[in-house]
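Down below is the structure, laid out as structure tokens.
First the proteins, then the strands, lettered A, B, ... as listed; each starts at 1.
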Number of protein chains: 2
Amino acid sequence: MANNYLAKSNTSEIPSATISRLVIYLRILEELANNDIREISSEKLATLAQGSAFQIRKDLAYFGTFGTRGAGYTVPTLLRELRRILGLTRQWNVVIIGMGRLGQALADYPRFVHYNYHLSAAVDINPELVNKEFSGLKVEDIRDLSKIIKERMVDIGFLTVPQKSAQEAADALIQAGIKGILNFSPTIITVPDNIHVETVDFLAGLKRISYYIK
Amino acid sequence: MANNYLAKSNTSEIPSATISRLVIYLRILEELANNDIREISSEKLATLAQGSAFQIRKDLAYFGTFGTRGAGYTVPTLLRELRRILGLTRQWNVVIIGMGRLGQALADYPRFVHYNYHLSAAVDINPELVNKEFSGLKVEDIRDLSKIIKERMVDIGFLTVPQKSAQEAADALIQAGIKGILNFSPTIITVPDNIHVETVDFLAGLKRISYYIK
DNA sequence: TGGTGTGAAGATGTTCACAGCG
DNA sequence: CGCTGTGAACATCTTCACACCA
């Protein structure tokens, strides 16, 4: 891992599956902390995460050594480290693009604050929606997107526009300097390498189910 | 692939990543068909899917040979084959467990019919919701779940209950003979091997974003 | 000729076994 | 003594190169 200076073109990349698992571990640790459990072994954590103890130790090893040999992990410590690794210690500013039903539901979602996500703005192209307010968030004109993103230092965009406008909206976000996009539309959007996109597509999940149960 | 009878314990498993990609190819082919495009090469499809041509040919090769050497693939043919592979040629019956905001939104989602998914029922534990109607779907008592699933031959459950009740609701679904669960709650649910679960968790996606952009 | 289908090579991710340390 | 941390073995997935065929 460290000091293999001679590796051919060592991308030293951490598997994306590891990142997905860290998110799972984080959730479990939060629950353990809520229940005032202070110690956990990789074996027990594996049971809760439906994974393997090897895997957990390997996943964590990419980032450092957080446990105590012979004892296991201290819940609050590991929790703090996972939050740090996942970048959840600072506030992330979010803009919602598209205030249809889904955008409205997201505006009303109560748990963002808990995770240091802040809804900085909501925009839509539809003049009928502009200036309306949802859960205390006023809808602004999409033409002001660039200004909004820059002035309020928005980091992440929730893309909840109809499929047809998804790429266009994504382009506008990127143009304005967004860093990450949570794409709720069932379309592949094209972005530069330095932008990270995660897709939330329940229909895709549904189709995978039909494959497996047929 | 075929006739390797001697393989040690040949699970002959198709990579789950392949299934996820097939779903993507399907979506693209539907769009091509809508635009009356009848021919596509693996190379062009790869561009649209943001993947590689090798990968596409390999993914398809798990299931048969669908193209014409020298020519490429015929869109309607490949479309039909993908639908067959993914099990989208028959109707799937769905029950929604939990008619809160998310359950209501799903009940109102117009595109299920197009994909041969049929909303057979919606249930909730809350007496105030029972007998209410959402988008033409009447909420029934969760105590009747088992009867509903058996009588209406429900295949898939949308789990949209609060986190705390997720496992309990999943158990009820499994008990009643469901085959697949689309889990919208941010919790790992435990199920027997023969039940397939897909999780839709936008908060997890959001956390992965913060990791990558920090 | 052009693009698929596919064994083989290569890269990546997972599992293992055990050394190392509290 | 117990459980973590980790190099090495293994398994899986992806990429490649080219044979093959319309």
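Between B:Ser52 and D:dT15, a side-chain N or O to OP1/OP2 separation shorter than 4.0 Å is present. Taking only side-chain nitrogens and oxygens, B:Ser42 comes nearer than 4.0 Å to OP1 or OP2 of C:dT4. Within the structure, every side-chain polar atom (N or O) of A:Tyr62 is placed at least 4.0 Å from both OP1 and OP2 of C:dG13. For the pair B:Thr65 and C:dG5, the criterion of a side-chain N or O lying under 4.0 Å from OP1 or OP2 is met. Look at A:Tyr73 and you'll find a side-chain N or O under 4.0 angstrom from OP1 or OP2 of D:dG5. Between B:Gln55 and D:dT15 there is a side-chain polar atom (N or O) within less than 4.0 angstrom of OP1 or OP2.
Whole-Å rounding puts the B:Ile56 CD1 to D:dT14 P distance at 13 Å. Atoms NZ (B:Lys44) and P (C:dG2) sit 13 Å apart, rounded to a whole Å. Taking atom CD1 of B:Ile19 as the reference point, atom C1' of D:dT14 lies 16 Å away to the nearest angstrom. With rounding to whole Å, A:Phe54 atom CZ is found 16 Å from C:dA19 atom P. With rounding to whole Å, B:Glu43 atom CD is found 14 Å from D:dA17 atom P. Going from atom CG of A:Leu22 over to atom P of C:dG13 covers 14 Å, rounded to whole Å. Atom CD of A:Glu13 is separated from atom P of C:dG13 by 9 Å (rounded to the nearest Å). One atom, CD of A:Gln50, and another, P of C:dT14, lie 16 Å apart when rounded to the nearest Å.
B:Phe202 and A:Phe184 have tilted rings, their planes meeting at an angle from 30° to 60° on a 0 to 90° scale. Ring geometry for B:Tyr211 versus A:Phe63: interplanar angle over 60°, hence perpendicular rather than tilted (30 to 60°).
Remark: the B:Arg69 side chain and the C:dG5 base include no donor-acceptor N/O pair separated by less than 3.5 Å. Side-chain N/O atoms of A:Lys58 and base N/O atoms of D:dG7 include a donor-acceptor pair closer than 3.5 Å.
Within the 4.5 Å cutoff, no side-chain heavy atoms of A:Tyr212 are placed close to those of B:Asn194.
For A:Arg143, the CZ atom is loosely surrounded, since the number of other residues' heavy atoms within 6.0 Å does not exceed 12.
Between A:Arg57 and A:Ala17, the one whose closest nucleotide on DNA chain C sits nearer the 5' end is A:Ala17.
Centroid-to-centroid, the aromatic rings of A:Tyr25 and A:Tyr73 stay 6.0 Å apart or farther.
Nucleic acid contact for A:Thr18: none, since no nucleic acid atom lies under 4.0 Å from a heavy atom of the residue.
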